[in-house]
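Residue numbers start at 1 and run along the sequence shown.
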Amino acid sequence: MIESGSARRYFVYAIGEIALVVIGILIALQINNWNEARKDRALEKKVIKDIVENLQLNKKVLSDQINEYNTLNLSYDIILDVIQNERNYHDSLDYHFHKVQVNTYHFDVPRAGYEGLKNVGFEIVQNDIVQKEIINLFEVSYAYM
C-alpha cells in the first residue's frame with residue numbers, strides 16, 4: 001500500500017507537471033499568435049504599398065487623360081470657331097475633325113494592388129475607415145469614371 005504522504009507528494013508533483021505543460025502550451029500559443037499578427041502586419045504593409053503604387057500610377061493616367069481631353073476640347077473650339085465665324089476651310093482643320101471623330105478615350109486604371117487586397121481579404125487592413133475607402137475608390141468611384 002502507498003503511504004498517504006507519498007501519494008500526496010505524487011499528486012502534487014503530477015499537478016505541477018500538468019500546470020507546467022498547460023503553461024508551456026499557453027506560451028506557445030501566445031508566441032504563435034504574435035508571429036501570425038506580425039505576418040499579417042507585414043502583409044498589410046505590402047498590400048497598402050501596392051495600392052499606393054497603383055494610386056500614383058492612376059494619378060499619372062488621369063493626368064494624361066486630362067491632357068488628352070484638353071487637346072480634344074481645343075480641336076472642338078477651333079472647329080466651332082470656324083463654323084460660327086464662317087471662316088474659310090483650311091486643310092489644317094482635317095487634323096481637328098479627325099481628332100474629334102476618333103475620340104475613344106476612357107479612364108482605365110491599374111488595379112493590381114486592389115485585386116491583391118481582394119485575394120488576401122479586406123480584413124487584413126486593420127483600419128476600418130481605410131478599408132472602406134479603398135473599396136469605395138476602386139468599386140464605386142473608378143467604376144463611375
Nearest heavy-atom pair of [X] and [Y]: which atoms, and what distance?
X: Ile124; Y: Asp40; value: CD1-O, 3.6 Å
X: Ala112; Y: Asn54; value: N-OD1, 3.2 Å
X: Pro110; Y: Phe138; value: O-CE2, 3.9 Å
X: Gly113; Y: Asp50; value: CA-CB, 3.8 Å

State plainly whether one hydrophobic cluster holds both Tyr142 and Leu57, where clusters connect Ile, Leu, Val, Met, Phe, Trp and Tyr through side-chain heavy atoms under 4.5 angstrom apart.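 Tyr142 does not cluster with Leu57.
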Within this structure, what is the [atom1]-[atom2] distance for the pair [X] and [Y], rounded to the nearest 0.5 Å?
X: Phe97; Y: Ser75; atom1: CZ; atom2: OG; result: 10.0 Å
X: Ile78; Y: Ile83; atom1: CD1; atom2: CD1; result: 12.0 Å
X: Leu117; Y: Ile134; atom1: CG; atom2: CD1; result: 6.0 Å
X: Arg111; Y: Asn58; atom1: CZ; atom2: CG; result: 9.5 Å
X: Asn67; Y: Thr71; atom1: CG; atom2: OG1; result: 6.5 Å
X: His96; Y: Asp77; atom1: NE2; atom2: CG; result: 10.5 Å

Ile129 CD1: over 12 foreign heavy atoms closer than 6.0 Å: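 Not more than 12 within 6.0 Å, no.
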Please test Ile135 against Phe122 for side chain to side chain contact (heavy atoms under 4.5 Å, CB included), starting from the C-alpha separation and ending with a verdict. CA-CA 9 Å; Ile135 293 168; Phe122 295 113; 3.6 Å; yes
I need the full list of salt bridge (charged side-chain N to carboxylate O under 4.0 Å, His left out) pairs touching residues 127-138, with sequence neighbours left out, sorted by first then second residue.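 Passing the test, one end in residues 127-138: no pairs.
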Where at least one partner belongs to residues 17-37, residue pairs that pass salt bridge (charged side-chain N to carboxylate O under 4.0 Å, His left out), sequence neighbours excluded: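 Non-adjacent pairs meeting salt bridge (charged side-chain N to carboxylate O under 4.0 Å, His left out): Glu36-Lys39.
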Could you walk me through whether Asn85 and Asp81 pass the side chain to side chain donor-acceptor pair (under 3.5 Å) test, one step at a time? CA-CA 6 Å; Asn85 294 315; Asp81 179 61; 2.5 Å; yes
Between Leu137 and Leu55, does a side chain to side chain contact (heavy atoms under 4.5 Å, CB included) hold up when you go through it step by step? CA-CA 10 Å; Leu137 175 65; Leu55 292 176; 3.3 Å; yes
By side-chain hydrogen bond (donor to acceptor under 3.5 Å, both in side chains) - contacts of Asp64 (at least two apart):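 Per chain and number, Asp64 pairs via side-chain hydrogen bond (donor to acceptor under 3.5 Å, both in side chains) with Lys60.
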Quick one: side-chain hydrogen bond (donor to acceptor under 3.5 Å, both in side chains) partners of Glu139, sequence neighbours excluded?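 Tyr114.
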Got a sec, which pairs hit ring-ring contact (aromatic ring centres under 6.0 Å, His included) with one end in residues 10-59, sequence neighbours left out?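 Non-adjacent pairs meeting ring-ring contact (aromatic ring centres under 6.0 Å, His included): zero.
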Using side chain to side chain contact (heavy atoms under 4.5 Å, CB included), reason through Gln131 and Asn127 one step at a time and then give a plain yes or no. CA-CA 6 Å; Gln131 182 187 109; Asn127 187 313; over 6 Å; no
For Gln126, does its backbone N or O pair with a side-chain atom of Glu44 as donor and acceptor, under 3.5 Å?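 A pair under 3.5 Å: yes.
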Do the side chain of Asn136 and the main chain of Ser141 share a donor and acceptor less than 3.5 angstrom apart?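 It does not hold such a pair.
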Side-chain contact, heavy-atom cut-off 4.5 Å: Lys49 with Lys45?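 A side-chain contact is absent here, since even the closest heavy-atom pair is not under 4.5 Å.
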Using distance only, find each side-chain donor-acceptor pair of residues 22-33 under 3.5 Å and give its atom names and separation, not counting sequence neighbours.
{"residue": "Asn33", "atom": "ND2", "partner": "Leu29", "partner atom": "O", "Å": "3.4"}

